[in-house]
Amino acid sequence: MANINAAAAHQAKPSPYDSFLARFNVAADIINLDQRFRDILSSPERVMIVNLPVKLDDGTTRVFEGYRVVHSTVMGPSKGGIRYASFVDLDEVKALAGWMTFKCALVGLPYGGAKGGITLNPKIRSTDELERITRAYTRALKDVFGEDSDIPAPDMGTGGREMAWIFHEYSRTYGYTPGVVTGKPLHLGGSKGRIPATGWGVMLTSLLAVEKLGKKVEECTCAVQGFGNVGSWAAKLLSDEGMKIVAISDHTGGYYNHDGIDVRDAVKHLKAHGTLESYHGATPFSNEELLAMDVDVLVPAAIENVITKDNANDIKARLIVEGANGPVSSDADAILDEKGMLIVPDILANSGGVTVSYFEWVQNRRGHYYSEEEIRDKTAPILSEAFEKVYNTHKEYNCSMRIAAYIVAIERLATGIDLEGNY
Ligand code: GLU
């Protein structure tokens with residue numbers, strides 16, 4: 001009976017890695033991808049599980065499970081963030097690593113893809129505990145990480161503080177190596193513009209998509225699901241461009257204002273209280289209602305699987321721009337395609353983060369630092385070019401922008417694998 005329940009629970013949550021493979025196979029079928037490339041790209045190069053004994057503040061020891069998955073190094077050193085969340089598991093980290101490979105190939109960065117994670121709730125851990133856990137994770141993976149081999153970065157539940165610990169712990173063994181990790185604080189070799197970068201890319205790709213739909217940004221309404229680093233910056237920058245943000249949400253629920261939310265005010269509330277709860281500038285409603293809102297643009301910027309076959313029929317937005325990785329599971333694709341929705345897929349929409357990470361790494365290695373304006377001037381054409389390429393491929397093959405993005409990435413990766421020869 002227990003087994004049946006466990007199986008049912010597992011089935012209830014679509015596997016992110018299955019979603020990754022399902023899209024990969026659709027794209028591979030369209031371009032008749034050789035079986036050799038399919039086999040190589042559908043399995044990660046290395047999968048590491050580390051068990052980290054860490055002393056807690058109360059004197060007891062707890063073993064935390066961590067992961068690092070290197071999906072591909074065909075295009076260069078593997079690149080990708082580290083996630084701290086209580087739901088992190090290997091399947092999710094494998095999917096996130098695969099998406100990083102495709103994301104970097106799509107925007108043409110000289111990187112492969114990886115992802116890491118530790119199963120823990122950072123909200124219930126003290127700063128000291130988080131530091132000990134992060135240092136233990138770094139020590140366990142210090143032979144995997146390296147500025148020419150595998151370069152971590154922030155993801156959900158981690159930020160500049162954790163990257164600083166990784167940088168320092170790694171440098172204790174190998175000497176000063178700022179390029180081993182990106183998303184560092186500015187004082188330790190971080191890049192200007194890295195914090196807003198992902199939200200900034202979401203804003204830029206949203207504007208490009210709105211234009212393709214023949215709409216004006218000032219005429220569009222938008223709902224942003226998730227108000228972390230990506231969602232809050234995307235909401236702020238989109239509202240600066242004139243879009244009306246009518247709804248935002250975090251784990252405490254959704255917040256709606258027909259006349260438009262003052263995003264800066266909402267960010268102030270978040271900073272003061274830690275959540276959006278009891279935010280006075282909007283009426284509370286549920287996250288489910290937010291996803292089903294009749295808006296022009298929906299930005300899911302929280303976690304995977306918020307749109308699945310169970311609620312895909314309720315989605316009314318004309319345009320979905322995926323700030324999060326994997327917010328739409330593959331079982332929802334056919335339903336959303338049928339509705340004729342335009343979806344800017346995660347590996348394109350949120351690629352601004354890793355693109356600025358790349359410039360951070362370049363700056364660290366050259367010891368020469370750019371202004372925020374220079375960073376933006378370098379990043380914007382990379383994202384616009386990738387957007388145009390995906391949009392044209394979607395027209396050429398008459399497929400969704402998601403499948404088009406996979407096609408562009410696969411073609412580049414397959415060329416790379418082919419050029420490496422047989423060994
Ligand atoms: N975690 C971010 C992502 O999913 C950034 C990765 C990076 O900067 O390497 O794209």
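In each ligand, atom 1 is the first atom listed, and ligand 1 is the first ligand listed.
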Would you tell me which option among K115, K103, R83, R194 has the nearest heavy-atom contact to atom 5 (C) of ligand 1? R194
Which atoms of ligand 1 have any heavy atom of M100 under 4.0 Å away? 3 (C), 4 (O), 6 (C), 10 (O)
Mind telling me whether H368 and Y370 have parallel, tilted or perpendicular rings, with 30° and 60° as the class edges? perpendicular
Got the closest protein heavy atom to atom 9 (O) of ligand 1, with its distance? K79 NZ, 2.9 Å
For C399 and A404, the nearest pair of non-hydrogen atoms, with its separation, is SG-N, 3.7 Å
Note the single closest protein heavy atom to atom 7 (C) of ligand 1, along with its residue, its atom name and the distance in Å. A153 CB, 3.3 Å
Taking heavy atoms and a distance under 4.0 Å, where does P154 meet ligand 1: side chain, backbone, both or neither? backbone
Flag, side chain of Y137 to backbone of Y67, donor-acceptor distance under 3.5 Å: yes
Between N325 and ligand 1, find which residue part has any heavy-atom pair under 4.0 Å and reply side chain, backbone, both or neither. side chain
Kindly state whether the ring of F285 and the ring of Y256 have centres lying under 6.0 angstrom apart. yes
Is K55 salt-bridged to D128, going by a charged N under 4.0 Å from an acidic O? no
Going by distance only, is there an N or O of N350 that falls short of 3.5 Å from an N or O of ligand 1? no
To check you understand the geometry: which heavy-atom pair defines the closest contact between R125 and N121, and what is its length? CG-O, 3.6 Å
Salt bridge or not between D148 and R365? Use side-chain N to carboxylate O under 4.0 Å. yes
Shortest protein heavy-atom distance from atom 8 (O) of ligand 1, along with the residue and atom involved: S357 OG, 2.6 Å
4.0 Å heavy-atom contact, G80 with ligand 1: yes
